[in-house]
Number of protein chains: 2
Amino acid sequence: MFSKTAEYAIRATIFIAQKSDPDHKIGIEEISKAIDSPASFTAKILQMLTRGQELISSVRGPNGGFFMTAEARKLPLLRVLELVGEDGVLKKCVLGLKECSEEKPCPLHHRYRKLKPELARMFEEMQIGQLAGELDAGATFVGNKGRGAGKRPMPGGSKATR
Amino acid sequence: MFSKTAEYAIRATIFIAQKSDPDHKIGIEEISKAIDSPASFTAKILQMLTRGQELISSVRGPNGGFFMTAEARKLPLLRVLELVGEDGVLKKCVLGLKECSEEKPCPLHHRYRKLKPELARMFEEMQIGQLAGELDAGATFVGNKGRGAGKRPMPGGSKATR
DNA sequence: TAAATAAAAGACAAAAATATCTTTAATTAT
DNA sequence: ATAATTAAAGATATTTTTGTCTTTTATTTA
Ligand code: FES
Ligand code: FES
């Protein structure tokens, strides 16, 4: 569905929204560890998301790191896709035709017509802050470690970040 | 959403279903021209789809080519995705977590939970023959040429293939 | 001011996806 | 049998994606 870039972008954004605020910034090491992504690669992706400091903000130097403002938290998740240039998934033809329209529909168009807007709406309506809240409540996960299947973390290993 | 491989695979399959039968086989040149795809690459993809001759059949030599049986036309479009190894899109976590479950849901899981099965159902229920019929009726398109926007074909240029 | 810290920027590397080209094998028609 | 045709198979090339490493810049603390 999405590229690794988009996946990491979304997971990182929601994690940053959960863990940070203007005076509790968070570093790339911690982020990539939490979302199970390669640190350097994730750093590159975050550079896309900090352009204009509209979505994710960052400051360099000691006590620096990434964070989000209350404003940014109100943005729709779609903004993340836009910043990494992958909002096309929600707009373009599923079969890769150059044009998606009623005039020249691909064989899936009519059936996909109902689903595509729902998918798009989903990304428009999901608010980053809301998703972060659910993550904070322990209801959702942005990384592979934790509970569920897979190997369990060591008991008492959760020296929570804050 | 899908890779080029999957896109070409679906478009080619539907086109073959429309244009061919056991004694009107169709060659790779014609297929790739019709679906606007690179010929050699499409040939490779068709090799995946002819494995076992369950979906697409082929014979070599003069008057050879690709074709589909009536049986094959009854298969769901999902089969194409399976044969090119991309049915994961319909099953795996949208955010790329290793596991997708209620026990360890990603932040999008609960909202995507309604859509994913609908998408999957779509591919299970779409029957190749049905889609080919609509293509044959001129209601849908598998290539970029034709009508709609873009440049029009020369009037009278449609020396129909059959 | 100097040293330490952390992201930004840039260069580089590896892997995967996409695309092309060549050779081989099967089939048909002559 | 021979030649022609067409897909299969294999090798190779290109591009894009993913990932790493190094250097630079901004910022803070000592
Ligand atoms: S033309 Fe393919 S989805 Fe609209
Ligand atoms: S866990 Fe991500 S979609 Fe189910």
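Basis for what follows: all heavy atoms, side chains included, without hydrogens, waters or symmetry-related copies. Reminder, nothing fancy here: chain letters follow the sequence lines and each chain counts from 1.
Toward the 5' end of DNA chain D, the nearer of the two residues B/V59 and A/A39, judged by each one's closest nucleotide, is B/V59. Where A/F2 and A/G61 each meet DNA chain D at their nearest nucleotide, the meeting point lying more 5' is that of A/F2. When each of B/P38 and A/N63 is assigned the nucleotide of DNA chain C with its nearest heavy atom, A/N63 is the one assigned upstream, toward the 5' end.
A donor atom on one side chain and an acceptor atom on the other are not found under 3.5 Å apart for A/E71 and A/T69. A donor and an acceptor atom, one from each side chain of A/H110 and B/E134, are nowhere located under 3.5 Å apart.
Here D/dA7 presents its P atom at 16 Å from CZ of B/R51, a figure rounded to the nearest Å. The interatomic distance linking A/M48 (CE) with D/dT17 (P) rounds to 10 Å, in whole Å. Rounded to whole Å, the distance from CD on A/E29 to P on D/dT20 is 11 Å. The CZ atom of A/F41 sits 13 Å away from the C1' atom of C/dA14 (whole-angstrom rounding). Between the CD1 atom of A/I26 and the P atom of C/dT5 there is a distance of 19 Å, rounded to whole Å. Distance, B/I35 CD1 to C/dA19 P: 11 Å, rounded to whole Å. One atom, CD1 of A/I31, and another, C1' of C/dA6, lie 12 Å apart when rounded to the nearest Å. Computed from coordinates, the A/K25 NZ to D/dA26 C1' distance equals 13 Å when rounded to whole Å.
Contacts of B/K44 with the nucleic acid, taken as non-hydrogen atoms under 4.0 Å apart, include base atoms. Contacts of A/S40 with the nucleic acid, taken as non-hydrogen atoms under 4.0 Å apart, include base atoms. Note on A/I28: only backbone sugar-phosphate atoms sit closer than 4.0 angstrom, heavy atoms only; bases stay farther off.
For A/T50 and C/dA8, the shortest distance from a side-chain N or O to OP1 or OP2 is below 4.0 Å. Look at B/T5 and you'll find a side-chain N or O under 4.0 angstrom from OP1 or OP2 of C/dT18. Between A/Y8 and D/dG19 there is a side-chain polar atom (N or O) within less than 4.0 angstrom of OP1 or OP2.
Closest to the B/P62 side chain, of the nucleotides C/dT5, D/dA8, D/dT5, is D/dT5. For A/S58, counting side-chain heavy atoms from C-beta on, the closest listed nucleotide (D/dG19, C/dA8, D/dA8) is C/dA8.
The closest side-chain heavy-atom distance from B/L90 to B/K116 is not below 4.5 Å.
Taking the ring centroids of B/F123 and B/F2, they lie under the 6.0 Å cut-off.
In this structure, NZ in A/K98 is found 9.0 Å from NZ in A/K104, a value given to the nearest 0.5 Å.
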